[in-house]
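Please read the structure below before turning to the comments.
Just so you know, ligand 1 is whichever comes first in the structure, and atom 1 is the first atom listed for that ligand. These values consider heavy atoms only, across backbone and side chains, with no hydrogens, waters or symmetry-generated copies.
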Amino acid sequence: MLVAGNWKMNTDVPDGRALAASIAEGLSSASSDLGTVEFLVCPPYVHLPAVTDALADAPVTVGAQDMHAEDEGAYTGDVSAPMLTSIGCDAVILGHSERRKYYDETDADVNAKAQQARAHGLVPIVCVGETLEQRKAGEADTVVQGQVDGALSGVPIDSADELVVAYEPIWAIGTGESAEPEQAQEMHAVIRDDLTERYGTAVADDVPLLYGGSMKPHNAYGLLSQPDIDGGLIGSASLAAESFLGIAEKAGKVLEEARD
Ligand code: 13P
């Protein structure tokens, strides 16, 4: 179970460092069993060294929110995979719907970045998800399958820890209205089938499939207890240690129940 925070363009560096420190503190004093829950936070680029430092002794990995597909060059304002790995980044979010919407990112762009991430040992967190119009038109499955295929075509994945896919229905992001657990499960099963065809069962069964879109402590249990939901990619609720760890507690509960 992976609990991941996407901080988006929020907090300044001192506040980001303080948030990371309070997550670390919360984890070290957690009373419930979070032992097998995995954690990742993806702050803005300029926060990465401070946040990595604040989490140095905590079981939390650090990722970026995007990157360029080239190693280096005249791309003003961009950040490359070697830059990210050089400061200890492990993962990178790719193809978030906000990148697709505001920067016209296409599946081909996401694919080039996913290839680049793997070439540099970064775990791509590939985001997919349909709009409300597409869902109403009955196209959610085909849209999401197309995004998965577009992002991963020709991307070599040899083991489950080399990839994360996040299903983030656009209508649920930042709206306070999350998908129903069964709705999300249905889409996760579609993604799992697609990954199975592409990479085989041994890999696909264990690739973490995260749900994202208004996940909060109060709705996390229902979502995380679905068979193909392996964690969350959390936006606004990841901006406070209390709600981020509140979701983690629900993940811990699901894992504990699975063990019993
Ligand atoms: P919210 O949790 O704020 O809806 O954001 C979800 C998201 O976009 C995570 O990448």
Side-chain angles (χ1 to χ4, degrees), residues 1-11 15-16 19 23 38-45 47-48 51 60-67 89-103 105 109-110 113-114 117 122-132 134-135 140 143-144 147-148 151 163-181 183-184 187-188 191 207-224 226 229-251:
M1 195 71 78
L2 174 61
V3 173
N6 173 9
W7 294 4
K8 307 192 180 183
M9 196 178 73
N10 292 296
T11 71
D15 288 348
L19 172 56
I23 291 169
E38 295 182 62
F39 294 92
L40 169 74
V41 294
C42 299
Y45 291 130
H47 297 44
L48 287 167
V51 166
V60 183
T61 53
V62 179
Q65 297 176 17
D66 185 37
M67 61 168 212
C89 244
D90 294 307
V92 59
I93 296 173
L94 298 177
H96 192 281
S97 61
E98 288 148 14
R99 301 289 317 171
R100 296 178 192 258
K101 179 176 175 189
Y102 299 123
Y103 300 92
E105 279 196 16
D109 296 327
V110 181
K113 292 178 181 191
L122 288 161
V123 176
I125 302 168
V126 171
C127 299
V128 297
E130 79 286 356
T131 64
L132 189 57
Q134 289 164 334
R135 172 156 286 271
V143 166
V144 163
Q147 289 172 333
V148 172
L163 174 68
V164 173
V165 178
Y167 169 60
E168 302 205 306
I170 293 168
W171 47 272
I173 295 176
T175 58
E177 186 201 330
S178 91
E180 291 302 324
Q183 251 176 345
M187 298 303 294
H188 281 231
I191 296 168
V207 168
L209 303 187
L210 309 184
Y211 168 79
S214 299
M215 185 183 270
K216 314 282 179 197
H218 75 85
N219 60 23
Y221 179 80
L223 289 158
L224 296 173
Q226 297 298 313
I229 301 186
D230 309 310
L233 184 55
I234 301 143
S236 62
S238 73
L239 293 173
E242 195 186 357
S243 43
F244 188 59
L245 297 177
I247 292 172
E249 262 178 45
K250 301 296 162 60

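- Nearest protein neighbour of atom 3 (O) of ligand 1, counting heavy atoms only, is Ser236 N, 2.9 Å.
- Nearest approach of Leu40 to Ala91, heavy atoms of both residues: CD1-CB, 4.2 Å.
- Residue contacts with ligand 1 for Asn6 involve side-chain atoms from C-beta outward but no N, CA, C or O (heavy atoms, distance under 4.0 Å).
- Residue contact annotation: Lys8 has a non-hydrogen atom under 4.0 Å from ligand 1.
- Atoms of ligand 1 found under 4.0 Å from any heavy atom of Ile173 (numbered from 1 in listed order, with element): 4 (O), 5 (O), 8 (O).
- A distance-only check finds no donor-acceptor pair linking the side chain of Glu168 to the backbone of Gly129 [under 3.5 Å].
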Test side chain to side chain contact (heavy atoms under 4.5 Å, CB included) applied to Ser238 and Val41, step by step: CA-CA 8 Å; Ser238 73; Val41 294; over 6 Å; no

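- Between Val110 and Gly95 the shortest heavy-atom distance is CG2-CA, 3.6 Å.
- Gly174 counts as a contact of ligand 1, since one of its heavy atoms falls under 4.0 Å from the ligand.
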Stepwise side-chain hydrogen bond (donor to acceptor under 3.5 Å, both in side chains) check, Lys216 with Ser236: CA-CA 9 Å; Lys216 314 282 179 197; Ser236 62; 2.9 Å; yes

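- For the pair His96 and ligand 1, the shortest N or O to N or O distance falls below 3.5 Å.
- Below 4.0 Å from some heavy atom of Gly213 lie the following atoms of ligand 1, by number and element: 4 (O), 6 (C).
- In this structure, the protein non-hydrogen atom closest to atom 9 (C) of ligand 1 is Glu168 OE2, 2.9 Å.
- A salt bridge is defined here as a Lys NZ or Arg NE, NH1 or NH2 lying under 4.0 Å from an Asp or Glu carboxylate O, and Arg135 with Glu130 meets this definition.
- Atom numbering of ligand 1 starts at 1 in the shown order; those under 4.0 Å from a heavy atom of Ser214 are 1 (P), 2 (O), 4 (O).
- The nearest protein atom to atom 2 (O) of ligand 1, hydrogens excluded, is given as Gly235 N, 2.9 Å; this is a heavy-atom distance.
- Using a 4.0 Å cut-off between a side-chain N of Lys or Arg and a carboxylate O of Asp or Glu, Lys113 and Asp66 qualify as a salt bridge.
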